[in-house]
Amino acid sequence: MAHMMIGRYAALPALVALLLAGCGSAGTSTRAPEDADGGFPPVFERDVVPFSVVDDDGRPYDMPFRGGLNVPRAQFTDIDADGDYDLFIQESAGQIIYFENTGSPTEPSFTWRSDEYQGLDVGEWYRMLDIDGDGDTDILSEERFSYVRLYRNEGTAERPQFEMAVDSLRDADGTPIFADRQNIPHIMDLDCDGHMDLFIGRVTGTITRYESIGTDSENLPRFRFVEDRWEGIEIVGENVSLHGANTMTFGDIDGDGDPDLLWGDFFEAGLLLIRNQGSCSAPSFRSEPQNFPLGDPVATSGYNAPVMVDIDADGDQDIFMGVLGGAFNPNASTRENFYFFEQTGPETFEVMTTRAIRDLDAGSESIVRLVDLDADGDLDMLVGNKIEPANSQTSLLFRYENIGSASSPEFQFRGTEDWVETYHQNPDFGDLDGDGDLDAMVGTWNRDIALVTNSGSASTFEPELMDAKAVQLTRGQNTTPVLVDLDADGDLDMVAGEASGVLNFWRNVGTDGRADFELVSDNWLDVDVGRRAFPTFVDLDGDGDQDLVVGSELEGLLLFLNTGTPEAPEFEAFGPLDVPVQGLSAPEFADIDGDGDMDLFVGGVSGGVQFYWNRTR
């Protein structure tokens, strides 16, 4: 049998402020009715600003529990015809996040409304534009795999309702238009002739151009193929003779009245500007690419996706840029990846922020823990990541102290900590050596679970690594431990998930002063959630025993009800909780407002934290 012995005697080893101001809790949650029927299963409702979270300088995070961004692809359009630009972001395949501009054209303020706007499936990319000239916004997106779907607005400019008009745009001969799914095309009237031009980047670094020839008998747009090597453009990656996935947008960079081209590429760390040296009616892009912004070019992990918009209605175009992560270490841009460039003068663009939406974004594949680390009677918060973007040799835990109370929380960032000096640090807490303060078992990216003890006091948590390999899986990796008294004998047992989607169970056969974990099963309960199991325990049905909830890579949060007793638990599969979470969902339950029920925090693939109130009556 595998054992772990623990004891006291163990051996030692500027504009952006306007853009996102005013995003308070009003209007930020999708709330169930206050008189919703009670019962089981519990009702959870999303809130991106449930309570205040501030940085180390006391500045509030705009939408702390939005959930993070890794690969943001932005579009701006006045979706409700109120005269200002609203914001849409694609973070994952098939879904669009919607932020309403609740400010004004000159002082925008964005409020989160939905992570799945109208339930639209947009594949790997989307573009929002008025393609049929009727004065409202339509949507082009990827039709799996690598074709072009059209969603037409069948509602109004003020109240859009999108319906799929066709699963693939077609050329003049009726052939579906092929658009490489890893590339983001652009559509606009480039030559001022009143017809939309469709530009599709190819992985060869060239651009294919189509031009609209009007509509067919079913009122669907048709496009005429123009050329495969438009303007002779062929983009080769920075310092390498490689072509890659690409993005593009057009806008008037130099203020001469015609649109220029901005290009992002998988093998290009920055943005490339190709000037239009012609005119609106006779464009010409036969110019050498220039690194952009001029004089102070941006450099990221590559595959940058720009969009141009006059976000502050001052008469010139500004730029937002999502970093999708290319050939230059994508892990480095999992947090700093949504740039805002303000145009401050002719051809002059200044980076105002690299995080146009500020939330609790730790990077990628986040976990969250609520625990009273300072013994002051309220819950503090830790958020961990997979790999620290600023230091690819390890991961970090972001510590937020609750400076509010047990019933009215408020969190302030207190810095980062590295307890085990490895990837995927994932702690769970309990008094493992009987000295009256908290210790931790810390999961890691491999098969190890480390023991970290508190060398401080109950009120001052000072982590000390005692054993980096205190417990090891018999197989698998990505350990996700949770400490829980499963047999009601007064000590903490341990369950851990792993990459394969199964659970491991160790019974604590030690004493109050020395935990001793004995392996019972490396395939506990025959639970298999597909990939990446994140277990936690909580009494969701209010019967006095611990139920099991397991997060997963793709299957959401799966509930297993304890139909036994606290002393002899028996778990039966209930199914997924009705909670729309990210991939790699890592749940944590806590009564954060002291009302007697368990609210829900969830980490996930995008590196942030989602929060849900428990509204069960």
Side-chain angles (χ1 to χ4, degrees), residues 32 36-46 367-371 379 426 428-430 441 443 479-498 501-508 520-521 523-530 532-553 555-581 584-604 610-617:
D37 290 338
F40 184 83
V43 175
F44 292 101
E45 64 177 57
R46 179 87 182 274
I367 57 94
V368 57
R369 290 286 180 261
L370 277 295
V371 58
L379 293 172
N426 187 343
D428 202 33
F429 296 87
M441 298 300 296
T479 54
T480 58
V482 58
L483 295 166
V484 58
D485 185 2
L486 274 181
D487 48 12
D489 65 351
D491 58 30
L492 293 170
D493 309 299
M494 184 167 64
V495 174
E498 60 175 270
V502 304
L503 302 180
N504 301 258
F505 172 49
W506 293 264
R507 181 176 288 111
N508 188 345
V520 176
S521 173
N523 190 17
W524 189 52
L525 305 177
D526 292 324
V527 167
D528 186 346
V529 298
R532 299 294 296 278
F534 297 86
T536 193
F537 290 87
V538 59
D539 184 6
L540 280 186
D541 54 6
D543 64 353
D545 55 34
Q546 295 291 313
D547 305 304
L548 168 65
V549 176
V550 186
S552 64
E553 182 173 23
E555 302 303 319
L557 305 181
L558 303 177
L559 171 61
F560 299 82
L561 284 175
N562 186 347
T563 58
T565 65
E567 298 79 13
E570 296 181 7
F571 294 93
E572 294 185 6
F574 176 85
L577 290 176
D578 185 17
V579 182
V581 294
L584 297 172
S585 53
E588 174 80 341
F589 291 88
D591 183 5
I592 197 61
D593 54 357
D595 65 351
D597 57 35
M598 303 299 279
D599 306 301
L600 173 61
F601 297 76
V602 188
Q610 294 178 325
F611 176 77
Y612 299 84
W613 293 110
N614 187 335
R615 296 300 186 191
T616 307
R617 294 288 182 263

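A donor-acceptor pair under 3.5 Å is formed between the side chain of S585 and the backbone N or O of S552. With T616 contributing its side chain and V43 its backbone, the two residues share a donor-acceptor pair below 3.5 Å.
Put simply, CZ on F537 and CZ on F571 are 5.0 Å apart, with the number rounded to the nearest 0.5 Å. F44 CZ to D599 CG: the interatomic distance, rounded to the nearest 0.5 Å, is 7.5 Å. Within the model, atoms CG of N562 and CD of E570 stand 8.0 Å from one another, a figure rounded to the nearest 0.5 Å. To the nearest 0.5 Å, atom CD of residue E498 and atom CZ of residue F534 are 12.0 Å apart. Between the OG1 atom in T536 and the CZ atom in F589 there is a gap of 7.0 Å [rounded to 0.5 Å]. Taking CG of L503 as the reference point, atom CZ of F560 lies at 7.5 Å (rounded to 0.5 Å).
Counted within 6.0 Å of CG on D595, heavy atoms from surrounding residues, nucleotides or ligands total more than 12; the atom is thus considered enclosed.
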List the steps and the verdict of side chain to side chain contact (heavy atoms under 4.5 Å, CB included) for D597 and W613.
-> CA-CA 9 Å; D597 57 35; W613 293 110; over 6 Å; no
Can you check side chain to side chain contact (heavy atoms under 4.5 Å, CB included) on L577 and L540, steps first, answer last?
-> CA-CA 11 Å; L577 290 176; L540 280 186; 4.3 Å; yes
Any chance you could lay out the side chain to side chain contact (heavy atoms under 4.5 Å, CB included) test for L558 and V527, step after step, and finish with the verdict?
-> CA-CA 10 Å; L558 303 177; V527 167; over 6 Å; no
Going through the distances and angles, do L379 and I592 end up as a side chain to side chain contact (heavy atoms under 4.5 Å, CB included)?
-> CA-CA 7 Å; L379 293 172; I592 197 61; 4.3 Å; yes
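In this structure, F40 and F574 have perpendicular ring planes: the angle between them is above 60°, well past the 30° mark.
Annotation: side chain of L557 is in contact with side chain of L600 (closest heavy-atom distance under 4.5 Å). Contact annotation: the side chain of V495 approaches that of L486 to within less than 4.5 Å [non-hydrogen atoms, C-beta and beyond]. Looking only at side-chain heavy atoms (C-beta outward), D547 and V549 stay at 4.5 Å or farther from each other.
The shortest non-hydrogen separation linking M441 to P481 is O-CG, 3.7 Å. Closest non-hydrogen pair, E555 versus V529, comes out as CG-O, 3.6 Å. P580 and Y612 get closest at one heavy-atom pair: O-OH, 2.8 Å. What you find for A586 and I367 is that their closest heavy atoms are CB-CG2, 3.9 Å. Across all non-hydrogen atoms, the minimal contact from G544 to D539 is N-OD2, 2.8 Å. Shortest non-hydrogen contact noted between P42 and N614 is CB-OD1, 4.1 Å.
Residues satisfying the side chain to side chain contact (heavy atoms under 4.5 Å, CB included) test with P566, not counting sequence neighbours, are A488, D545. Under the salt bridge (charged side-chain N to carboxylate O under 4.0 Å, His left out) criterion, R369 pairs with D428, E588, sequence neighbours left out.
Residues in residues 483-492 take part in these salt bridge (Lys or Arg N to Asp or Glu O under 4.0 Å) pairs, two or more places apart or across chains: D487-R507.
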